[in-house]
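Everything quoted here is computed from the prediction, not taken from an experiment.
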Amino acid sequence: MLEAYCAVKGVIGILEKSMAEMQQEVDRYISQFKEGYFSPLSMMARMSEEVGELAREVNHQFGEKPKKADEADNSIEMELGDILFITICFANSLGIDLAEAHNKVMHKFSTRDADRWTKINTD
């Protein structure tokens with residue numbers, strides 16, 4: 001879908017954004033409104049809502065519960081995008097650099113869980 005968007009906009013190749021660029025883009029979007037970012041509690045509720053919508057889509061696609069004929073077409077991709085958006089909003093409102101948070105989490109997992117899982121091609 002992104003490739004089609006880029007083709008329509010005349011962009012050559014695949015457009016990739018850094019986490020910092022995504023945080024800045026969301027901040028520019030939110031900053032145009034008087035209301036600004038929601039409170040942390042409201043954002044937590046929104047995040048829970050979006051995760052529930054993702055669960056519903058996963059259940060429809062991989063579970064035993066098909067969609068009703070009159071249900072809107074949503075996708076796992078769009079629901080993950082909604083979760084990413086609210087995550088960025090949450091981080092921005094609290095002054096959290098998500099790239100830095102990601103680096104810290106990856107360090108935690110690579111040290112704490114270094115020998116937890118069976119690695120591929122470890123002779």
Side-chain angles (χ1 to χ4, degrees):
M1 183 181 318
L2 181 58
E3 291 174 42
Y5 173 79
C6 291
V8 168
K9 293 294 184 183
V11 178
I12 298 172
I14 297 175
L15 177 66
E16 293 184 17
K17 296 177 187 175
S18 70
M19 186 58 71
E21 290 169 326
M22 286 189 273
Q23 285 193 253
Q24 292 165 1
E25 182 179 19
V26 168
D27 193 60
R28 282 191 303 274
Y29 173 75
I30 296 295
S31 294
Q32 67 183 325
F33 303 108
K34 288 181 182 179
E35 294 81 3
Y37 291 104
F38 294 153
S39 70
L41 188 57
S42 291
M43 279 195 268
M44 190 69 238
R46 282 229 31 230
M47 185 175 287
S48 297
E49 177 185 329
E50 296 300 343
V51 170
E53 290 175 13
L54 173 62
R56 185 175 179 83
E57 288 303 313
V58 169
N59 192 29
H60 287 316
Q61 188 168 338
F62 300 105
E64 289 72 40
K65 185 181 176 191
K67 280 190 176 187
K68 297 176 190 173
D70 61 343
E71 276 190 90
D73 283 337
N74 289 331
S75 69
I76 292 172
E77 177 186 26
M78 288 301 293
E79 297 306 337
L80 285 169
D82 287 344
I83 292 168
L84 179 59
F85 178 80
I86 191 63
T87 299
I88 293 171
C89 286
F90 212 154
N92 284 357
S93 74
L94 298 173
I96 295 171
D97 177 332
L98 284 172
E100 184 179 326
H102 170 76
N103 291 340
K104 289 176 181 177
V105 166
M106 290 308 298
H107 175 74
K108 176 182 76 172
F109 285 124
S110 65
T111 55
R112 182 188 72 189
D113 295 339
D115 298 316
R116 184 173 184 181
W117 308 107
T118 306
K119 294 186 178 171
I120 299 172
N121 298 327
T122 56
D123 297 339

Under the side chain to side chain contact (heavy atoms under 4.5 Å, CB included) criterion, do Leu84 and Met22 qualify, and how do the steps go?
-> CA-CA 10 Å; Leu84 179 59; Met22 286 189 273; 4.1 Å; yes
Taken to the nearest 0.5 Å, the spacing of Lys67 NZ from Gln61 CD works out to 9.0 Å
According to a 4.5 Å side-chain heavy-atom criterion applied to Ile, Leu, Val, Met, Phe, Trp and Tyr, with indirect links allowed, do Val51 and Phe62 form part of one hydrophobic cluster?
-> yes
Keeping the roles fixed (side chain from Asp97, backbone from Glu100), state whether a donor-acceptor pair exists under 3.5 Å.
-> yes
Can you hop from Met106 to Trp117 via hydrophobic side chains spaced under 4.5 Å?
-> no
Report, as yes or no, whether the 6.0 Å neighbourhood of atom CG on Asp113 holds more than 12 heavy atoms from other residues, nucleotides or ligands.
-> yes
SG-CE distance between Cys89 and Met47, expressed to the nearest 0.5 angstrom = 9.0 Å
Hydrophobic cluster membership, Ile96 vs Phe90, 4.5 Å side-chain cutoff = yes
CG (Leu54) and CZ (Arg56) are apart, to the nearest 0.5 Å, by 12.5 Å
Are Met78 and Ile86 linked, directly or through other ILVMFWY residues, by side chains that come within less than 4.5 angstrom of each other?
-> no
Measure the spacing between OG of Ser93 and CD1 of Ile88 and express it to the nearest 0.5 Å.
-> 12.0 Å
CG/Leu94: more than 12 non-hydrogen atoms of other groups inside 6.0 Å = yes
Are side-chain heavy atoms of Ser48 and Met44 found at a separation under 4.5 Å?
-> yes
With side chains defined as the heavy atoms from C-beta onward, is the minimum distance between Lys17 and Glu25 less than 4.5 Å?
-> yes
More than 12 heavy atoms of other groups within 6.0 Å of Phe38 CZ | no
Look only at the side chain of Gln23 and the backbone of Leu98, and say whether a donor-acceptor pair between them is shorter than 3.5 Å.
-> yes
Under 3.5 Å donor-acceptor, Gln32 side chain and Tyr29 backbone = yes
Reported CG-to-CZ distance for the pair Asp82 and Arg46, which is rounded to 0.5 angstrom = 7.5 Å
Rounding to 0.5 Å, atoms CD (Gln24) and OG (Ser18) come to a distance of 7.0 Å
